[in-house]
Amino acid sequence: MSKVYVLDHPLIQHKLTLIRDESTGSKEFRELVEEVAMLMAYEVTRDFPLEEVSIKTPVGPAKARVISGRKVGIVPILRAGLGMVSGMLELIPTAKVGHVGLYRDPDTLQPVEYYCKLPTDVTERDLIIIDPMLATGGSAAAAIQFLKDRGVKNIKLVCLIAAPEGIDNVQEQHDDVDIYTAAVDEKLNEHGYIVPGLGDAGDRLFGTK
Ligand code: URA
């Protein structure tokens, strides 16, 4: 079974509270989402392996450690996932960024991919899928499946707020994908919004409400 990591660092929790607050405007909301994404990147990369290298400091030779040849891809789910990209890139600047866009077919209710552009060497990369809100989990599970269908093996899912329903759904379909979130909220409401959540993440990021 995959793991769910709830990142309870005080800075993440403090910033998440500001993000949730309805009086926080788009500019501040965007900046805070970037900052939280950066802080989350720190935890998401915690298991990256290290190797020893020989260097010379100004004082003499030293053995020191560097990240061992890890290639990373960051894949935001359009459109709200875009808000977390720059924060992640701050800490993982060599990552390549792919994009996945999905919509729900009104007849079948199944997620359909309308856009997908990935790094050409995607199968060699560890992928971090980002989407601020893990609500029903339908889009996240579908995005994970699209990436697996293209041969990707190592995938992590990062969100700001998860609903228990979304976690269950992703875990049922993808028990190899660990989930990183800053909070697990109470439930989904009848409109599919996370309660108490933060409202519509895309609208708040881009001022489209
Ligand atoms: N998407 C959002 O932006 N907010 C929610 O609460 C659920 C899905």
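Numbering of ligands and ligand atoms starts at 1, following listing order.
- Closest to atom 6 (O) of ligand 1 among all protein heavy atoms lies Ile194 N, 2.8 Å.
- Of all protein heavy atoms, the one lying nearest to atom 3 (O) of ligand 1 is Ala201 N, 2.7 Å.
- Ion pairing between Glu34 and Arg30 fails under the 4.0 Å rule for side-chain N and carboxylate O.
- Among the atoms of Met133, none of the N or O lies under 3.5 angstrom from an N or O of ligand 1.
- The ring pair (Phe, Tyr, Trp, His ring centres under 6.0 Å) contacts involving residues 179-200 comprise Tyr5-Tyr180, where partners must be two or more places apart or lie in separate chains.
- Counted by atom type alone, Asn169 and Glu165 present zero donor-acceptor pairs between their side chains at under 3.5 Å.
- Residues Val97 and Ile144 fall into different hydrophobic clusters, defined by Ile, Leu, Val, Met, Phe, Trp and Tyr side chains chained together at heavy-atom separations under 4.5 Å.
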Let me see the working for Ser2 and Asp178 under side chain to side chain donor-acceptor pair (under 3.5 Å), right down to the final yes or no. CA-CA 5 Å; Ser2 71; Asp178 288 341; 4.6 Å; no
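- Among Pro132, Pro196, Gly202, Gly199, the residue whose heavy atom sits closest to atom 4 (N) of ligand 1 is Gly199.
- The nearest protein atom to atom 8 (C) of ligand 1, hydrogens excluded, is given as Ala135 CB, 3.8 Å; this is a heavy-atom distance.
- Atom 7 (C) of ligand 1 has Gly192 O, 3.5 Å as its closest protein atom, hydrogens excluded (heavy atom only).
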